[in-house]
Amino acid sequence: MNSRTSKQLVLFQVLKSSAKYVLLFKRNFIFWCLINFVFIFSLSRIPNGWTNSLSIIWLILYYIFWTIFIRYINKRRPCFSLIRIFNGLIPSSKIMFINISIYILLLIIPYLPLLMGFRDNYLNFFEKYMFFLQANESLVGKYMFYLLMLIISPYTFTRPYIAWISSLVGKNRSIIDAYKKTQGNNLFFILLAIIMSGVLAVLYYIDVKLNIGTLKYIASILLVYYNIVFIEIYKIFYKHKPRIKKSSE
């Protein structure tokens, strides 16, 4: 195995080191959580949600917020850099393109046999399949979709996200390079995605079931912590060379 790709991530160690960072810099962590809560709360107050044009402004500001956060945690100054913000748009747009393409593909796949002429043998199965999903209010279909997205998340989200972090701190923004650096860690990324999404899902269920209205507060904390986890992963594979100051003789 190539020495570049021989690093094997351990889930507990990564989560532990991220939690250790939070404990060491509690004030900074609370500060970022408060700002994140303001963003999440303000989104809930926008009339008609994403259909309102104000949500576009919110999305731009929220993107800038995370770029500043990533650069601050990685000790890159200045924290606000237009060059890095625009540089990060390339991998972030690729993340959106990959996931939207997969979603569209999943919508088209069930109809492909019909278009290929297998009407007699396939149509009956297709009708039963659609009836089954509708009878169960599409819960089975949703769970299957989420499970599939979790399995392919190392290719559709986690590695592209690491490439996005790399672009913001001035390193290689190539998603392919991120694949090469982190190969051999698919199981780690899948387990990480299961834990992250699972925690949010459980908290959402509790919040809805008990109607306690704490999801915004918890989400604002978890999202900041999750990004710290990704930064810890990034640091493992993208080593920063120390900057040597030239002394004038």
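- Shortest non-hydrogen contact noted between K171 and R76 is CE-NH2, 4.4 Å.
- Taking the side chain as every heavy atom from C-beta outward, L222 and Y217 never approach each other to under 4.5 Å.
- Distance check, rounded to the nearest 0.5 Å: CD1 of I46 to CD1 of I57 gives 8.5 Å.
- Aromatic ring pairs are classed by plane angle as parallel below 30°, tilted from 30° to 60° and perpendicular above 60°; the pair F39 and W58 is perpendicular.
- Residues Y155 and F189 have side chains not in contact (no heavy-atom distance under 4.5 Å, counting atoms from C-beta outward).
- Between L168 and W66 the shortest side-chain heavy-atom distance does not fall below 4.5 Å.
- Between the side chains of Y62 and N36, a donor-acceptor pair is found at a separation under 3.5 Å.
- Using modelled atom types and a 3.5 Å distance limit, the side chains of N185 and R159 yield no donor-acceptor pair.
- Across T156 and N99, no two heavy atoms sit closer than the pair O-ND2, 3.1 Å.
- Going from atom CZ of F69 over to atom CG of L223 covers 10.0 Å, rounded to the nearest 0.5 Å.
- Residues I90 and S167 form no side-chain contact, since every pair of their non-hydrogen atoms from C-beta on lies 4.5 Å or further apart.
- Centroid-to-centroid, the aromatic rings of Y21 and F25 come within less than 6.0 Å.
- Under the 4.5 Å side-chain criterion, counting only non-hydrogen atoms from C-beta, R173 is in contact with N87.
- To the nearest 0.5 Å, the span separating CD1 on I68 from CD1 on I35 amounts to 8.5 Å.
- Of the possible donor and acceptor atoms, none in the side chain of D207 sits under 3.5 Å from a partner among the backbone N and O of L203.
- A ring pair (Phe, Tyr, Trp, His ring centres under 6.0 Å) with W32 is found for exactly one of Y72, F37, Y226, namely Y72.
- For the pair F157/I98, no side-chain contact is recorded, criterion being any heavy-atom separation below 4.5 Å from C-beta on.
- Side-chain contact check for V169 versus R84: every heavy-atom pair is 4.5 Å or farther apart.
- Side chain of S166 to backbone of N172: a donor-acceptor contact under 3.5 angstrom is found.
- Residues I233 and I165 form no side-chain contact, since every pair of their non-hydrogen atoms from C-beta on lies 4.5 Å or further apart.
- The closest side-chain donor-acceptor pair between Y238 and N74, if any, does not fall under 3.5 angstrom.
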